[in-house]
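Written below as structure tokens is the structure these notes are about.
Fair warning: this is a prediction, and the values are worked out from it, not measured in the lab.
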Amino acid sequence: MDEELPPPPPGTGESVHLHASAIAEMPDEPPTRSVPGDLNDQLLQTSVWSDDMLAAAGIPVHDVPFVTVGGGIGSFILADHLRIAGVPSHQIRALSNIEVPWQTYEYLTKVSQIPRPERLRSDSTGTPDCIWSFPSLAFREARKEKTLAPIWSVLTEPVFVDYWTPRAGTVFEGMAKEAQRIGWQQMVSLGQVRMVRKRAAGGYFTILTPPPGQSQTRRVAFRSTFVHLAVGYPGLKFLPDLQEYRQKYGDLARVVNAYEPHEHVYESLVRTPGRVMVRGGGIVASRVLQRLMEDRFNKGAQTQILHLFRTYIDGKNASYGPSRRKGSHGFAYQGFNVPKGSWGGQLKDKFETLEGEERAALYKQVGGTHTPYRRLWQQQTKRAREEGWYLTFQGEVVEVKPSNGKVGTIVRQKNGATTNIEADVIIDCTGLEADLREHRVMSDLLDHSGVGRNPLGRLDVERSFEIRGARSGAGRMYASGATTSGAYYAGVDSFLGLTYCALRIVDDLAEQGFGERIGVGRSVSQWWKWFRNKPL
């Protein structure tokens with residue numbers, strides 16, 4: 001590709017930073033003038049705060065029983081459960097720097113080639129807007145589009161058809177409707193959460209940096225009995241060799257992450273033939289390949305695709321009991337991010353009984369990188385292989401460096417030999433991974449609250465999703481979502497998993513006297529209100 005790629009959108013760099021606390025914490029903006037009510041050395045260095053310490057620092061304190069940090073889908077689903085459990089909206093405060101709960105998730109799906117009309121990797125019963133999962137997303141689509149095809153799919157999947165999955169737009173529209181019904185916007189305080197510290201008299205202080213001009217002080221504090229953390233992935237990271245390349249050569253246009261804006265890559269490839277290296281073997285790599293191939297099929301692009309796998313799967317691989325995961329042409333195939341038995345079957349029961357390394361071993365056994373088996377993708381890649389413009393490689397990357405006006409990847413093969421693979425662009429599709437330390441709130445929590453890590457290195461939580469070591473008097477701190485991966489429940493990073501987490505947390509809160517338990521009677525009456533879209 002001789003054409004020079006345009007520069008990437010502003011704000012991209014070696015790490016992906018988004019306007020969303022669920023992905024990456026942004027640094028505090030330096031004050032343009034002296035602003036009262038800021039953190040002082042005493043507060044920063046003290047793990048347990050008294051009310052007098054906040055008063056001395058001039059930080060105003062707002063009282064609310066329950067605070068949820070993040071404001072994304074995890075916060076929204078728990079707030080939905082609490083409202084259904086009878087908790088008034090004024091007793092819930094969601095601290096967030098995103099405007100709507102699905103903002104970050106929609107951004108990630110869009111840049112990773114899943115716009116609203118396309119389908120997510122989610123089950124029909126994964127309904128973040130409806131805690132009962134009825135009517136299911138497949139039923140809603142069948143009714144809206146006046147077709148029985150979605151119903152047939154869920155009844156016969158995956159034997160006769162691929163797993164049915166919902167359109168992204170259907171999920172977002174449902175959440176928008178439910179957010180209005182439960183009064184979500186009345187529960188939100190916008191800003192950047194700085195830290196959560198224990199209170200000497202029990203409970204917690206959560207420090208928020210409001211948007212410029214929204215407060216007379218630099219910080220505000222929320223004093224609560226309960227805190228919930230749902231901050232999503234701590235951050236987005238490139239593969240080390242690609243991050244080193246970007247930092248060393250400043251080339252942000254030719255080496256991109258699938259989770260940052262990179263539409264300029266596809267636009268340039270449609271105009272001018274080029275070679276693209278795709279790295280990764282998960283769902284995002286599948287989506288990127290689909291986009292590249294469809295641009296070639298439908299827009300006349302002449303793109304050559306080089307797909308580099310570190311681990312090449314060509315047959316059955318991971319196993320659990322008699323079951324074995326299928327694979328071919330480099331990919332391991334699995335319908336969802338965890339086996340369906342992890343949500344409510346034998347695997348769920350198994351995970352709940354295991355501790356420490358035994359639980360970690362089971363996660364390793366059923367985990368790994370995989371993508372759904374979809375007939376469309378199989379047809380596309382088969383055609384691309386036959387026509388010779390989609391090639392796969394296996395090896396370990398030694399170095400990435402400029403090479404003959406392109407980006408060269410030095411790969412060590414299984415036999416020990418090295419080869420240089422040149423491409424115009426590299427797209428990193430290896431996923432969302434980062435250590436808790438990369439999230440400022442999580443890092444502060446590890447340093448000052450006595451919490452620990454689970455066998456996979458994420459937050460250590462009880463079966464009720466209370467964070468171990470974070471109890472403060474009568475106060476309880478909970479977490480849900482990706483930061484708890486490795487817990488007693490495997491499907492935490494999914495719509496259905498977030499709903500399960502919320503139900504366990506709400507049950508535990510009811511035992512503490514906060515909200516009602518959602519029993520049969522309340523569940524039926526509240527579903528009827530949901531069905532009629534009656535505001536709470």
Side-chain angles (χ1 to χ4, degrees), residues 15-18 20-25 68-78 94 96-98 101-109 111-112 114 120-123 126 128 171 193 196 227-237 257-259 280 282-284 336-338 342-343 351 359-360 363-364 366-370 429-443 445-446 451-462 465-468 477-502 504-505:
S15 297
V16 181
H17 298 289
L18 309 177
S21 60
I23 294 296
E25 292 299 301
T68 178
V69 176
I73 296 175
S75 292
F76 170 76
I77 290 177
L78 181 55
S96 176
N97 65 351
I98 54 178
W102 57 93
Q103 180 174 324
T104 296
Y105 186 75
E106 182 171 12
Y107 168 86
L108 291 172
T109 56
V111 297
S112 60
I114 311 176
L120 301 169
R121 189 185 189 183
S122 181
D123 185 65
V171 175
V193 174
V196 181
V227 170
H228 170 242
L229 303 178
V231 297
Y233 284 89
L236 310 183
K237 290 183 65 176
N257 188 293
Y259 283 114
I283 177 68
V284 176
F336 304 100
N337 62 344
V338 295
S342 301
W343 283 316
F351 273 110
R359 184 158 23 111
Y363 267 100
K364 183 177 180 180
V366 303
T369 301
H370 42 71
C429 305
T430 53
L432 304 168
E433 292 295 339
D435 187 77
L436 292 174
R437 284 286 178 188
E438 295 192 19
H439 195 293
R440 183 168 52 184
V441 174
M442 293 294 146
S443 182
L445 196 70
L446 289 170
V451 305
R453 296 175 183 259
N454 65 31
L456 297 190
R458 302 294 178 90
L459 278 181
D460 193 18
V461 296
E462 303 283 356
F465 293 92
E466 180 186 351
I467 303 175
R468 285 177 172 157
M477 187 183 297
Y478 302 89
S480 60
T483 54
T484 65
S485 179
Y488 295 102
Y489 186 78
V492 292
D493 189 25
S494 65
F495 293 151
L496 195 60
L498 288 170
T499 301
Y500 176 83
C501 296
R504 292 297 296 262
I505 293 170

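Using a distance-only test at 3.5 Å, with no hydrogens or angles considered, a donor-acceptor pair links the side chain of R121 to the main chain of F336. In this structure a side-chain-to-backbone donor-acceptor pair under 3.5 Å is present from T109 to E106. Checking side-chain atoms of S342 against main-chain N and O of V338 turns up no donor-acceptor pair under 3.5 Å.
Of all the heavy atoms in T104 and I98, the pair that sits closest is OG1-CG2, 3.7 Å. For the residue pair G280 and T430, the shortest heavy atom distance occurs at CA-CG2, 4.2 Å. Scanning all heavy atoms of the two residues, the minimum distance from G126 to S122 falls at O-OG, 4.2 Å. The minimum heavy-atom distance linking C429 with A258 is given by the pair SG-CB, 4.0 Å. The minimum heavy-atom distance linking A502 with I77 is given by the pair CB-CG2, 3.9 Å. Annotation for C501 and V492: closest pair SG-CG1, 3.9 Å, computed over non-hydrogen atoms.
Partners of S494 under the side chain to side chain donor-acceptor pair (under 3.5 Å) rule, at least two apart in sequence or in another chain, are W343. Partners of D460 by salt bridge (Lys or Arg N to Asp or Glu O under 4.0 Å), not counting sequence neighbours, listed by chain and number: R468. With sequence neighbours excluded, the residues satisfying side chain to side chain contact (heavy atoms under 4.5 Å, CB included) with V111 are Y107. For D493, the side chain to side chain donor-acceptor pair (under 3.5 Å) partners two or more places apart in sequence, or in a different chain, are Y233. Judged as a ring-ring contact (aromatic ring centres under 6.0 Å, His included), and not counting sequence neighbours, the contacts of Y500 are Y489. Residues that satisfy the ring-ring contact (aromatic ring centres under 6.0 Å, His included) test with F465, not counting sequence neighbours, are absent from this structure. For the salt bridge (Lys or Arg N to Asp or Glu O under 4.0 Å) test, residues two or more places apart in sequence or in another chain that qualify with R453 are D435. Taking the side chain to side chain donor-acceptor pair (under 3.5 Å) definition, one finds that T68 meets it with S75, H228, sequence neighbours left out. The salt bridge (Lys or Arg N to Asp or Glu O under 4.0 Å) search around R504 returns E352, not counting sequence neighbours. Shown here are the ring-ring contact (aromatic ring centres under 6.0 Å, His included) partners of F495, two or more places apart in sequence or in another chain: Y105.
Annotation: cation-pi pair R359/F351 absent, no NZ/CZ under 6.0 Å from the ring centroid and within 45° of its normal.
A distance of 7.0 Å separates OG in S485 from CG in N454, rounded to the nearest 0.5 Å. Note that OG of S112 is 8.5 Å distant from CD1 of I283, once rounded to the nearest 0.5 Å. Atoms CD and CG, from Q103 and L108 in turn, are 11.0 Å apart once rounded to the nearest 0.5 Å. L459 CG to L446 CG: the interatomic distance, rounded to the nearest 0.5 Å, is 6.5 Å.
Residues V193 and N97 form no side-chain contact, since every pair of their non-hydrogen atoms from C-beta on lies 4.5 Å or further apart. Side-chain contact between L229 and T483: absent, with no pair of heavy atoms (C-beta onward) separated by less than 4.5 Å. At a threshold of 4.5 Å between non-hydrogen side-chain atoms, the residues V227 and Y478 do not count as touching. At least one side-chain heavy atom of P128 sits less than 4.5 Å from a side-chain heavy atom of V171.
Between R458 and T484, the side chains place no donor N or O within less than 3.5 Å of an acceptor N or O (distance only, hydrogens not considered).
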Kindly indicate, with the supporting measurements, whether the criterion side chain to side chain contact (heavy atoms under 4.5 Å, CB included) is fulfilled by L78 and S480. CA-CA 9 Å; L78 181 55; S480 60; 5.8 Å; no
